[in-house]
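Contents: one structure, followed by commentary.
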There are 2 protein chains.
Amino acid sequence: MRMDALLRAGEPMYLVIAGELKGKIIAGEFCPGDTLPSENELRGRFAASRETVRKSLKELENEGYIYSRPGKGYFVCKPEYGRFTLDLREDEDAALRHIAVIVPRAEVAQVLGLDKKKRVIEIVRITHKGGRPSACEMRYLPYSQGQPTIEADIDYAVFPEVAAGKTSAFAFHTEMSISAESAAGKAAQYLECPEGTPLLVLRRYLVSLSGERLGYAVKYILPSSGPLTATTGLLLK
Amino acid sequence: MRMDALLRAGEPMYLVIAGELKGKIIAGEFCPGDTLPSENELRGRFAASRETVRKSLKELENEGYIYSRPGKGYFVCKPEYGRFTLDLREDEDAALRHIAVIVPRAEVAQVLGLDKKKRVIEIVRITHKGGRPSACEMRYLPYSQGQPTIEADIDYAVFPEVAAGKTSAFAFHTEMSISAESAAGKAAQYLECPEGTPLLVLRRYLVSLSGERLGYAVKYILPSSGPLTATTGLLLK
DNA sequence: TAGTGGTCTAGACCACCGT
DNA sequence: CGGTGGTCTAGACCACTAC
């Protein structure tokens with residue numbers, strides 16, 4: 001008996017099987033470390049071909065619920081509650097404060113691995129919330145004197161988002177460090193807050209495949225702009 | 001001609017194809033938004049069956065490089081540079097400071113959705129670095145008076161890690177908020193730092209499938225313990 | 001209509017694991 | 001050895017897209 005009844009809903013067989021198994025995992029019928037029914041067992045139970053069953057299992061594997069061991073079987077994963085996903089894509093509301101080609105201060109030169117004479121492009125953006133500054137960000141990129149005009153660099157300099165569109169994609173990745181610091185200097189100035197105010201500080205590094213740092217960005221966030229939020233990756237659906 | 005030469009290395013055909021395509025994407029031969037060769041085209045080029053080609057493509061899709069549109073083809077993704085992965089699994093070095101069943105203060109009761117009389121288990125852990133406190137964490141769980149002994153609850157209370165092993169896995173997920181705050185009260189006391197020191201604050205919530213908050217943890221981190229780090233998910237391999 | 005991806009099948013051979 | 005998963009094939013039918 002093919003389970004065509006379930007297919008009438010338009011849901012492909014392999015998703016039906018995957019959903020069935022996922023349900024049992026979430027309900028606790030299968031616990032972390034447990035062995036799942038073998039492909040053969042499932043093949044019989046759902047009257048599906050082996051490849052279809054394997055497709056279901058592959059789906060669950062991709063979603064992080066199970067893993068397989070050749071010669072042994074499929075097992076339920078231990079959830080990774082220590083892995084969080086942080087989404088920083090909402091930052092499009094930042095207003096440009098200024099752009100300049102400058103001689104970088106020591107910190108920036110060091111981060112980008114430049115000698116002191118080399119100049120960089122500095123881009124400062126400020127985010128407002130309720131009429132008051134809530135965050136500011138300084139981005140730095142090596143200034144290649146010569147061919148590229150500042151304008152081209154600026155386009156590129158929206159940091160990786162644009163760069164990705166015009167050069168080889170996936171040739172970079174981004175690293176970030178998160179810390180808390182007291183407001184001081186430029187940051188306090190841009191944010192119009194007293195020195196000593198605790199700030200959330202995000203430092204991002206644009207890193208090439210070969211490990212070079214091609215860009216550096218520091219963002220200072222006032223407590224008033226609310227916390228960052230992150231979630232454990234699983235269970236979106 | 002089957003590309004058996006490439007298979008001799010022990011690498012399955014579908015990974016060879018996937019690697020080939022991935023290389024071209026990373027090298028910039030295929031840019032974000034570009035269409036990839038069709039399944040049929042690849043089928044011919046690699047002398048493989050359609051399912052094998054599809055397996056390659058599925059692999060790249062899982063890794064986040066491409067996506068497909070029925071009737072149109074496969075396309076190169078725009079890298080998601082705004083999505084970061086945060087790894088918090090190194091926190092096993094924290095020493096237990098104390099455990100107690102207490103009447104929660106207002107903040108905790110509100111977070112957990114408890115009325116004032118309900119008691120909670122409080123677990124305080126302190127992390128040391130170079131002989132000095134570098135972080136402290138307070139965890140709170142509703143105290144179910146009755147059957148469960150404190151000991152059982154404590155076992156459960158290592159928060160989700162242990163809970164996952166004994167109840168239904170994947171029945172919870174964790175949410176987190178990250179902020180910067182000035183040291184004050186208990187936190188300053190546990191960390192032996194002056195009030196006003198900027199602290200990185202992580203608040204984690206154990207959330208059930210139905211949206212209930214089953215646990216709450218606040219961790220205060222001194223600047224001295226170094227920043228949190230996160231990376232853009234791709235390109236691990 | 002032709003081309004594309006999405007699903008599914010029934011078989012095949014292999015490497016791995018346990019007894 | 002028998003059972004398990006891993007790879008691969010050659011076909012089939014479908015839905016979607018574009019012309």
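Letters A, B, ... are given to chains in the order of the sequence lines, protein chains preceding strands, and every chain is numbered from 1.
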Between [N] and [X], is there an OP1 or OP2 to side-chain N/O distance shorter than 4.0 Å?
X: Ser49(A); N: dG11(C); result: no
X: Lys72(B); N: dA18(D); result: yes
X: Tyr74(B); N: dG3(C); result: no
X: Ser38(A); N: dT4(D); result: yes
X: Thr52(B); N: dT9(D); result: yes

Return the value, rounded to whole Å, for the distance between atom [atom1] of [X] and atom [atom2] of [N].
X: Leu57(A); N: dT7(D); atom1: CG; atom2: C1'; value: 15 Å
X: Arg54(B); N: dT7(D); atom1: CZ; atom2: P; value: 16 Å
X: Glu51(B); N: dA12(D); atom1: CD; atom2: P; value: 15 Å
X: Phe75(A); N: dC17(C); atom1: CZ; atom2: P; value: 11 Å
X: Lys55(B); N: dC8(C); atom1: NZ; atom2: C1'; value: 15 Å
X: Arg50(A); N: dT7(D); atom1: CZ; atom2: P; value: 10 Å
X: Ile17(A); N: dT9(C); atom1: CD1; atom2: P; value: 8 Å
X: Arg43(A); N: dG3(D); atom1: CZ; atom2: C1'; value: 13 Å

Task: Rounded distance (nearest 0.5 Å) linking atom OG of Ser49(A) with atom CD of Glu39(A) - done: 10.5 Å
TODO: Report the distance from atom CG of Leu21(A) to atom CD1 of Ile26(A), rounding to the nearest 0.5 Å.
DONE: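 Reported to 0.5 Å precision, the distance equals 11.5 Å.
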Open item on the list: Between the base of dG6(C) and the side chain of Arg69(B), is there a donor and acceptor pair under 3.5 angstrom?
Closed with: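 No such pair is found, so the answer is no.
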- [ ] Compare every heavy atom of Leu60(B) with every heavy atom of Ala18(B), then report the nearest pair and how far apart it is.
- [x] O-CD2, 3.7 Å
Task: Electrostatic pair Lys55(B)-Glu51(A), nearest N-O below 4.0 angstrom - done: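 Result for this pair is no, no salt bridge flagged.
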Open item on the list: Closest-nucleotide mapping onto DNA chain D: is Glu39(A) or Pro70(B) further toward the 5' terminus? I mean the 5' end.
Closed with: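 So the residue in question is Glu39(A).
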Open item on the list: So Val108(A) and Val218(A), do their side chains get closer than 4.5 Å, heavy atoms only?
Closed with: no
